[in-house]
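Only one structure is covered here, and it is reproduced in the block below.
Residues: numbered from 1 along the sequence shown.
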Amino acid sequence: MSTSPGTPHPVSVDDEILVPWTGSGKRPALLDVRNFGIMAHIDAGKTTTTERILFYSGRIHKMGEVHEGETTMDYMKEERERGITITSAATQTWWKGCKLNIIDTPGHVDFTAEVERSLRVLDGAVCVFDAKEGVEPQSETVWRQANRYKVPRICFLNKMDKPGADFEMCIEGIRKRLGANAIPVQYPIGQGGEFRGIVDIVQEVAIFYDAESEGRRWHEAPVPDELKPRIEALRRELVEACAEQDETLMERYFAGEHLHRNDLLVAMRKGVVTGKINPVLVGSALRNKGVQRLIDAVCYYLPSPIDISTVRGWHPVTKEEQTRKVDSKDPLSALAFKIISDKNGDLTFVRVYSGTLASGDLVWNPVRNDRERISRIVLMHANEREPVEKLEAGEIGAVIGLKVTSTGDTLCPKDEPIVLESMQFPPTVISMSIRPASRGDRDKLSDALGKLAKEDPTFKRFTDPETGETIIAGMGELHLDIIKSRLVNEYGIHSEVGKPKVAYRQTFRKDVDAEGKHVKQSGGRGQFGIVRVKFKVKETPEFEFIDSIVGGSVPREYIKPVGEGLEKALEEGYPLGFPFMNVSGELYDGKSHEVDSSEMAFMEAARLAVRAATEMVGVTILEPIMKVSVTTPETNLGDVMGSINARRGVVLSTEQGSGDTKQVIAEVPLAEMFQYSTFLRGMTQGRGNYTMEPCKYAPAPESVAVKIRKEIEDEKKAGRK
């Protein structure tokens, strides 16, 4: 499913109605809705910014602090103990006539799936940057995710009062590293400890905050003389960017006409909705400066659901494109984007794109080919629930008690089906064994892991066929550590975990042509299936099945079972147990029997073809490579680069960080990164830190492959004993 931005509606300077209705008929309620998310690198201030938005809009009456574990949106025990956001949380509030549906997302890369599924259903986003650090590694990751779903963005340079804050550095980083058209609409009056106000470049006025009023009182004044040249230059830049969005405005600009605030807001909004402009605002959420104007900017610039002209998907059977208007009168189309397990019934978060989802409705899930009954609907405020009777087009809420629906599924009428585009989640890169501390918790552990896996698409659990151990897999050490913590806090299950293991893959050493022959006779009806398959090593990771059968050597009804058999066998990963990747399989010949052939026989023949190919050419072990970004004091740069080289890493670049720090960008095998945080802290006297995210899979060196094979053999021997 994709969304196509329409012509954005104009804005007004009216403080009570930020987006007036200029069309005919009754004003659409959707015009005053903003579905947006707060996204950033860890510690940039996302949750604090959200907390201030809720406070100033009247949704909450006391501001909580992250460092005190009292924020509204970080409600999980693990979040409050660690001072980080782990799961995305939704809430609603109102501001000057606009309804704001807000999702606060995590910043740590281990929880990137939360960002992915949130951006999939949002119309816009506020990207928060630490004004001292600028563009950080996870800033780039979330920006790329937003690019994938074409989400309009505005930028907020937070922590302008932090020592070392640098406005110009941040703007340059956003433009160069993110490729964004960053257009400042505000400028800081002072930076670091001297930060005392903001210049509104559009209005050409300075705003000074009363330090004792928690940001609720300020006064306007002329732009300070020393800032006038810079503000004039930035306003020319802003006016030119706006003029490029509208031909009439361009003509007026070239005619030398002074463009006023309303002209600029209209053009700026058009640029934001179409993804051509990213306005930049400044402030300090912790010190309550600039937040109200950030909320204004959300209402001014970010799109309403009505600015998305068409919702596209496809028919589940014919695969033909289907479209829906963003209108409550159109047939229902809703996307389930998040699930939370609950003893009173699973909570399924949904975004309604068209139509109406009401309590008591019987709807169709075309992905699962099954019906769902809508029992109760709620709006979420973090972990609090507000019952409602229905959700209309453009709204986000949650349904309690759905039975078969999973993350990424569509809900629609059975007689007018549509499948909306789902989300893309990265594969797991780390695994470890887990067992309950007490024998009586075995069944409870299995049930709890199943619920956690249903909630989190990047968390997997399975049983090792050789050892019988339960294995859990995720995106990193922190991810699995949080899972273990949740087992204790939410389910009362204490567990013991084994040493972390890397999620290796394998591929064929070279292209190979193999035959799979499954022929058995046992008194009654036999089993007969013969397939000949060309396996090729390719660049892209996903398995590709190619049907090249001509002349009916394999009957049509058995083609699909062959493809399914190949895919299942490649996932099982004979002989090492690692799933195959970068492989295609072309079925070009085979034989069948009028009586003895069956789908099962051809599936088994496909499995035997994979095994035969493996034994003919062998396999190459592929290991996950991580993109690592290390921030270190410059005095420790040599030691850090040496530590990366010692871990079989490749340094890609070194960049100047803030102050006396350097940032090292490298690619390092995941197997070499365990416990690196402890090592780095010791080497840099606690000043160094790093982030990493999955980058690619690459062939493991022969010495490493030999070690991996030996470990597998030792585990098999231990399992047999």
Step by step, would you call W95 with Q292 a side chain to side chain contact (heavy atoms under 4.5 Å, CB included)? CA-CA 9 Å; W95 181 257; Q292 294 98 322; 3.9 Å; yes
For N181 and K276, indicate whether the former's side chain and the latter's backbone hold a donor-acceptor pair under 3.5 Å. yes
Could you please spell out the steps behind the salt bridge (Lys or Arg N to Asp or Glu O under 4.0 Å) verdict for E116 and R148? CA-CA 10 Å; E116 187 81 23; R148 181 155 58 241; 2.7 Å; yes
Tell me, please, which residues at least two apart from K696 pass side chain to side chain donor-acceptor pair (under 3.5 Å). E667
With sequence neighbours excluded, what pairs up with T635 under the side-chain contact (heavy atoms from CB on, under 4.5 Å) test? P633
Check ring pair (Phe, Tyr, Trp, His ring centres under 6.0 Å) between Y690 and all other residues, then give those that pass, not counting sequence neighbours. Y676
Please report the C-alpha distance between D43 and E133 in whole Å, then the side-chain angles of each, then the deciding distance to 0.1 Å, and finally whether the side chain to side chain contact (heavy atoms under 4.5 Å, CB included) criterion is met. CA-CA 10 Å; D43 289 335; E133 305 299 337; over 6 Å; no
Say whether, by atom type as modelled, one donor and one acceptor occur between the side chain of R269 and the main chain of Y300 under 3.5 angstrom. yes
Atom NZ of K325: over 12 foreign heavy atoms under 6.0 Å: no
Should the pair K228-D225 be classified as a salt bridge under the 4.0 Å nitrogen-to-oxygen rule? yes
Within the structure provided, determine whether K96 and C299 are in side-chain contact (heavy-atom separation under 4.5 Å). no
Pairs in or reaching into residues 188-203: which pass side chain to side chain donor-acceptor pair (under 3.5 Å), with residues at least two apart or in two chains? none
side-chain contact (heavy atoms from CB on, under 4.5 Å) partners of S139, counting only residues at least two apart: H41, F129, V135, E136
N/O donor-acceptor pair under 3.5 Å between N35 side chain and G394 backbone: yes
Show the numbers, then the answer: is there a side chain to side chain contact (heavy atoms under 4.5 Å, CB included) between L391 and L379? CA-CA 9 Å; L391 295 173; L379 297 179; 3.8 Å; yes
Show, in sequence, the C-alpha distance, side-chain angles and deciding distance for I295 and L100, and conclude whether the side chain to side chain contact (heavy atoms under 4.5 Å, CB included) test is met. CA-CA 9 Å; I295 314 174; L100 309 180; 3.6 Å; yes
Any non-hydrogen side-chain atom of E244 less than 4.5 Å from a side-chain atom of I277? no
Quick one, Y209 and K289 - any side-chain contact, counting heavy atoms below 4.5 Å? yes
Can you list the steps and then say if K270 with E247 is a salt bridge (Lys or Arg N to Asp or Glu O under 4.0 Å)? CA-CA 12 Å; K270 184 176 181 179; E247 290 185 9; over 6 Å; no
In this structure, are over 12 heavy atoms from other groups packed under 6.0 Å from E226 atom CD? yes
Suppose we screen for ring pair (Phe, Tyr, Trp, His ring centres under 6.0 Å). Which residues come up paired with F425, at least two apart in sequence or across chains? none
Criterion side chain to side chain contact (heavy atoms under 4.5 Å, CB included) against I38, the qualifying member of I102, T105, T47: I102
If we ignore hydrogens and angles and just use 3.5 Å, is the side chain of Q92 paired with the main-chain N or O of H381 as donor and acceptor? no
Those residues that, when tested against D263, pass side chain to side chain donor-acceptor pair (under 3.5 Å) (two or more places apart): R252
Taking the side chain as every heavy atom from C-beta outward, state whether L122 and I103 have any pair of such atoms under 4.5 Å apart. yes
Short side-chain to backbone donor-acceptor contact, N158 and A44, under 3.5 Å: yes
Whether the side chain of T410 engages the backbone of L420 through a donor-acceptor N/O pair (distance < 3.5 Å, no angle test) should be reported. yes
Please tell me if the side chains of L157 and I174 come closer than 4.5 Å, counting only heavy atoms from C-beta onward. yes
Using modelled atom types only, decide if a donor and an acceptor are shared between the side chain of Q663 and the backbone of T654 within a distance under 3.5 Å. no
Is there a donor in the side chain of D330 and an acceptor in the side chain of S354, or the other way round, less than 3.5 Å apart? no
Residues passing the salt bridge (charged side-chain N to carboxylate O under 4.0 Å, His left out) test with K627, sequence neighbours excluded, are none
For a 4.5 angstrom cut-off between non-hydrogen side-chain atoms, does E392 reach L30? no
Who are the ring pair (Phe, Tyr, Trp, His ring centres under 6.0 Å) partners of F167, not counting sequence neighbours? Y187
Would E421 and R312 pass as an ion pair if we require N to O under 4.0 Å? no
Under 3.5 Å, is there a donor-acceptor pair between the side chain of R52 and the main chain of L286? yes
Salt-bridged, R175 to E237, with N to O below 4.0 Å? yes
Side chains of R153 and N147: any donor to acceptor distance under 3.5 Å? yes
For E655, the option from K662, R177, K176 that meets salt bridge (charged side-chain N to carboxylate O under 4.0 Å, His left out): R177
Should W143 and N278 count as side-chain neighbours, where that means a heavy-atom distance under 4.5 Å? yes
Does E204 have any side-chain contact (heavy atoms from CB on, under 4.5 Å) partners at least two apart in sequence or in another chain, and if so, which? R235, H258
Salt bridge (charged side-chain N to carboxylate O under 4.0 Å, His left out) with R351: which residues, sequence neighbours excluded? D123
Can you sort out the partners of A334 under side-chain contact (heavy atoms from CB on, under 4.5 Å), two or more places apart, ordered by chain and number? L332, V352, L411
Say whether, by atom type as modelled, one donor and one acceptor occur between the side chain of Q245 and the main chain of A267 under 3.5 angstrom. no
